[in-house]
Amino acid sequence: MTSSPHDRVRLRRARLTVGLLFGLYGVILGTWTARIPAIKQGLALTDGALSLGLLAFAAGAIIGMQAAGRLVDRYGAGRLLLPVVLADGLLLASPAFAPNLTVLAGCLLAFGTAHGLLNITMNTAAVEVQRAWQAPIMSSFHAVYSIGGFLGAAVGGLCAYAGLGAPATFLAVAAVVAVTAPVAARRRPAPSAVPAAEPGPGGGGLPGVTFLGVLVFCCLVGEGAAADWSSVYLRDSLGSTPGFAAAAYAAFSIMMMAGRLVGDRLTAALGPVRLVRYSGVLAALGLGTALLIGHPVAGVAGFGLLGAGLACIAPQVFSAAGSQDPARAGQAIARVASLGFLGFVVGPLVIGALAEVIDLPAALAVPAVLALFVAAAATALRPGTKEGHLPIAMRGGRAPS
């Protein structure tokens, strides 16, 4: 733990900086998501054509994540934070000016690449700050991301309601990022503020990190299923009104944000292994019970419990991956994040295909089963100590004083 008052102030500033960048990441993505219909309408795209453009964004994100791992390990997360967040904000605006699908796909490829770079850079920086903080704080960063996503979606929705086009919306958000990020970057984590750590007993080996990525993959399948299928399930399978059907994903999102807001306290009280185990069981039982009941109110509650259960899993897995071998934390987090993103993209497609063969309620049991698998495999976060990868000082949940 840092001892001098100067070091403690620098560390608190580093935490604030990384948290702010998580928020900007959420704002950028939330704004983009809210204005996708405007992009589609402006270019008169079919659903299939739009899907191709969105696939380019996904491909760019994977490329960016893979590139970020080695860049972060070579140059340090602190040095990369400012350029990658500025690039992400700037490239947000580019799809709004695309004249056709081909250019749109190119813009989204570039935007996705910057977004993937920022994802790995900020998560690696968060692991570094948590290591120096010597208390669990990873969930709070992801909570700020969730809040930023809500704000971005709200900004996009308000701009749409006011009749502002996508270019004006994106340029406004890009301007906010361009002004805010340099101010925050003055307090970004520096090598002297975030001391290095010894490799953990896991050694950062490929098999162990890959298995952690599988856990995030399972978690993100649930997030993708909630985003794409929760409202469809309530409306088509349970016969609810469109307005009430939307409450399912709202409940999921709100409970996920709430879970992340208390996640650090839960980590300090339970340790990462038990927290992930209990979280997986909560997610599986919540969604599974709701599917068995088959009532709209139960559906909303079930997706809410799914969100609460999944809330703390990914932050703990990122923390474990980045702590196995701090010298290669960027590459480890990149591998885990890439597998997780793949789950978010592929999972809903698999559920849709299964729904064609069986039915949607039965297909939605997949995230519940995967959550149980995560609960059973929670010991993967324990690299050789009883309480998991966190050192003793981090189990007490105390900030530097």
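Position 1 is the first residue of the sequence; numbering continues from there.
Proximity of Leu117 to Val72: side-chain heavy atoms (C-beta onward) are nowhere separated by under 4.5 Å. A heavy-atom distance below 4.5 Å is not found between the side chains of Glu128 and Val18. Between Leu220 and Leu310, the closest side-chain pair of non-hydrogen atoms is not below 4.5 Å. For the pair Val336/Val209, a side-chain contact is recorded, criterion being any heavy-atom separation below 4.5 Å from C-beta on. Side-chain contact check for Val374 versus Val317: every heavy-atom pair is 4.5 Å or farther apart. Counting only heavy atoms from C-beta outward, the side chains of Pro361 and Leu292 never approach each other to under 4.5 Å. Using a 4.5 Å heavy-atom threshold, the side chains of Phe373 and Val214 count as touching. In this structure, Val366 and Leu354 have side chains that are in contact, with non-hydrogen atoms separated by less than 4.5 Å.
For the atom pair CH2 of Trp32 and CG of Leu92, the computed distance is 8.5 Å after rounding to the nearest 0.5 Å. Distance check: Leu45 CG to Leu104 CG gives 6.5 Å after rounding to the nearest 0.5 Å. From His115, atom NE2 reaches atom CG of Leu118 across 7.0 Å, with rounding to the nearest 0.5 Å. Atom CG in Leu50 sits 11.0 Å away from atom CG in Leu55 (nearest 0.5 Å). The distance from the CG atom of Leu282 to the CG atom of Leu275 is 10.5 Å, given to the nearest 0.5 Å. The CG atom of Leu287 lies 9.0 Å from the CG atom of Leu305; values are rounded to the nearest 0.5 Å.
Identified under the salt bridge (charged side-chain N to carboxylate O under 4.0 Å, His left out) test for residues 229-242, with sequence neighbours left out: none. The salt bridge (charged side-chain N to carboxylate O under 4.0 Å, His left out) analysis of residues 96-125, with sequence neighbours excluded, yields no pairs. Applying the salt bridge (charged side-chain N to carboxylate O under 4.0 Å, His left out) test to residues at least two apart or on different chains, the pairs with a partner in residues 41-62 are Lys40-Asp47.
Across all non-hydrogen atoms, the minimal contact from Leu91 to Ala114 is CD1-CB, 3.8 Å. In terms of heavy atoms, Ala93 sits closest to Leu171 at CB-CD2, 3.9 Å. The shortest non-hydrogen separation linking Ala181 to Leu86 is CB-CD2, 4.1 Å. When every heavy atom of Val345 is checked against every heavy atom of Leu349, the shortest pair comes out as O-CG, 3.6 Å. The minimum heavy-atom distance between Gly156 and Ala34, with the atom names listed, is CA-CB, 3.9 Å. Of all heavy-atom pairs between Tyr233 and Phe303, the closest is CD2-CE1, 3.9 Å.
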Intermediate values then yes/no, side-chain contact (heavy atoms from CB on, under 4.5 Å), Leu43 and Leu101: CA-CA 8 Å; Leu43 293 178; Leu101 177 60; 5.9 Å; no

Test log, rule side-chain contact (heavy atoms from CB on, under 4.5 Å), inputs Phe344 and Val221: CA-CA 5 Å; Phe344 187 83; Val221 167; over 6 Å; no

CA sep, side-chain torsions, deciding dist, call: Leu54, Ile36, side-chain contact (heavy atoms from CB on, under 4.5 Å): CA-CA 9 Å; Leu54 297 178; Ile36 289 176; 4.1 Å; yes

Verdict with supporting geometry, Gln324 and Leu212, side-chain contact (heavy atoms from CB on, under 4.5 Å): CA-CA 11 Å; Gln324 286 198 9; Leu212 292 175; 3.5 Å; yes

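By the side-chain hydrogen bond (donor to acceptor under 3.5 Å, both in side chains) test, Gln331 pairs with Asp73, sequence neighbours left out. Annotation: side-chain hydrogen bond (donor to acceptor under 3.5 Å, both in side chains) contacts of Thr169 (sequence neighbours excluded): Arg35.
Counting only distance, with no hydrogens or angles, the side chain of Thr379 and the backbone of Arg382 share no donor-acceptor pair below 3.5 Å. Remark: side-chain polar atoms of Ser323 are paired, donor with acceptor, to backbone N or O of Ser319 under 3.5 angstrom. Under the 3.5 Å distance criterion, the side-chain polar atoms of Arg131 are left unmatched by any main-chain donor or acceptor of Val127.
Residue Tyr75 places its OH atom among 12 or fewer non-hydrogen atoms of other residues, nucleotides or ligands, all under 6.0 Å distant.
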Would you tabulate the side-chain donor-acceptor contacts of residues 136-151 under 3.5 Å, counting partners in other chains and residues two or more places apart, or write 'none'?
residue	atom	partner	partner atom	Å
Ser140	OG	Arg15	NH2	3.3
Ser140	OG	Ile137	O	2.6
Ser140	OG	Asp264	OD2	3.3
His142	NE2	Asn123	OD1	3.1
Ser146	OG	His142	O	3.3
Ser146	OG	Arg260	NH1	3.2

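Note: Phe111 and Phe57 meet the aromatic proximity criterion, with ring centroids under 6.0 Å apart.
Side chains of Asp88 and Tyr25: a donor-acceptor N/O pair is absent below 3.5 angstrom, by distance only.
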